[in-house]
Amino acid sequence: VQLQASGGGLVQAGGSLRLSCTASGRTISSLIMAWFRRAPGKEREFVARIWWSDSSTYYSDSVKGRFTISKDNAKNAVYLQMNNLEPEDTAVYYCAEMSVPGTTVQSVAYWGQGTLVTVSS
């Protein structure tokens, strides 16, 4: 499977961005899709995940209430709506297909390429 992320850019603090990730190679079905991010000088960290089967979601504490992960079955795509962005959200964001419902990089089966989000203060 190939995962293609897009939608990153430069935004002021308090603004919003929507990231998209489309999958090619096969149809996403009973999988877990997720977003991770890596801030400058930091390790890659979990942001959010969604079960393809029932749309149940889980978020890291740092983004809960501000970010929303969603999916579109017909487009084979997953999204990350990011609201009330903070400078601390500046990072390269990666979409991923998880093999298990975890929050670590070890839970990921496939990575997409990243998309850079920069939040200015």
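A quick note: this is a predicted structure, and the numbers were derived from the prediction, not measured.
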Task: Check: Met82 and Leu19 side chains under 4.5 Å, non-hydrogen atoms - done: yes

Open item on the list: Measuring only between side-chain heavy atoms, which start at C-beta, is Tyr94 closer than 4.5 Å to Leu3?
Closed with: no

Task: Heavy-atom pair with the smallest gap, counting every atom of Trp35 and Val78 - done: CZ2-O, 3.9 Å

TODO: First locate atom OG1 of Thr22, then atom CG of Asp72, and finally report the distance between them rounded to the nearest 0.5 Å.
DONE: 11.0 Å

TODO: Would you mind telling me which of Val63, Thr90, Leu17 makes a side-chain contact (heavy atoms from CB on, under 4.5 Å) with Leu85?
DONE: Leu17

TODO: Would you check if the side chain of Ser99 reaches a backbone N or O of Ser107 as a donor-acceptor pair within less than 3.5 Å?
DONE: yes

TODO: List for me each residue that meets salt bridge (charged side-chain N to carboxylate O under 4.0 Å, His left out) alongside Glu45, sequence neighbours excluded, and say none if there are none.
DONE: Arg37

Open item on the list: Within the structure provided, determine whether Asn83 and Phe67 are in side-chain contact (heavy-atom separation under 4.5 Å).
Closed with: no

Open item on the list: Contact between Met33 and Arg49 at the side-chain level, heavy atoms closer than 4.5 Å - yes or no?
Closed with: no

Open item on the list: Under the rule for salt bridge (charged side-chain N to carboxylate O under 4.0 Å, His left out), what residues qualify as partners of Asp54, not counting sequence neighbours?
Closed with: none

TODO: State, with a plain yes or no, whether a side-chain heavy atom of Leu31 is found less than 4.5 Å away from one of Trp51.
DONE: no

Task: Interatomic spacing from CG in Leu80 to SG in Cys21 - rounded to 0.5 Å - done: 10.5 Å

Open item on the list: Is the shortest side-chain heavy-atom distance between Val47 and Tyr59 below 4.5 Å?
Closed with: no

TODO: Sort and list the pairs that fulfil disulfide bond (SG atoms under 2.5 Å apart) and have at least one residue in residues 41-75, not counting sequence neighbours.
DONE: none

Which pairs of donor and acceptor atoms, one on a side chain in residues 112-121, lie under 3.5 Å apart (sequence neighbours left out)?
| residue | atom | partner | partner atom | Å |
| --- | --- | --- | --- | --- |
| Gln113 | OE1 | Ala5 | N | 3.3 |
| Gln113 | NE2 | Ala5 | O | 2.8 |
| Thr115 | OG1 | Gly8 | N | 3.0 |

Open item on the list: Going by the rule ring-ring contact (aromatic ring centres under 6.0 Å, His included), which residues pair with Phe36 if we only count those two or more places apart in sequence or in a different chain?
Closed with: Phe46, Trp111

Task: Cation-aromatic face contact Arg18/Tyr79, 6.0 Å, 45 degrees - done: yes

- [ ] Answer whether the closest heavy-atom distance between the side chains of Ser16 and Gln81 falls below 4.5 Å.
- [x] yes

Open item on the list: Could you measure the distance from the CD1 atom of Ile50 to the OG atom of Ser70? Nearest 0.5 Å is fine.
Closed with: 6.5 Å

Task: Under the salt bridge (charged side-chain N to carboxylate O under 4.0 Å, His left out) test, residues paired with Lys42 that sit two or more places apart - done: none

Open item on the list: For Asn84, is there any backbone N or O sitting under 3.5 Å from a side-chain donor or acceptor partner on Arg66?
Closed with: yes

Task: From CA spacing to verdict: side-chain contact (heavy atoms from CB on, under 4.5 Å), Gln4, Ser24 - done: CA-CA 8 Å; Gln4 181 76 31; Ser24 61; over 6 Å; no

Task: From Gln106 atom CD to Met98 atom CE, the distance as rounded to the nearest 0.5 Å - done: 10.0 Å

- [ ] Output yes when a side-chain donor or acceptor of Asn76 lies under 3.5 Å from a complementary backbone atom of Ala23, and no otherwise.
- [x] yes

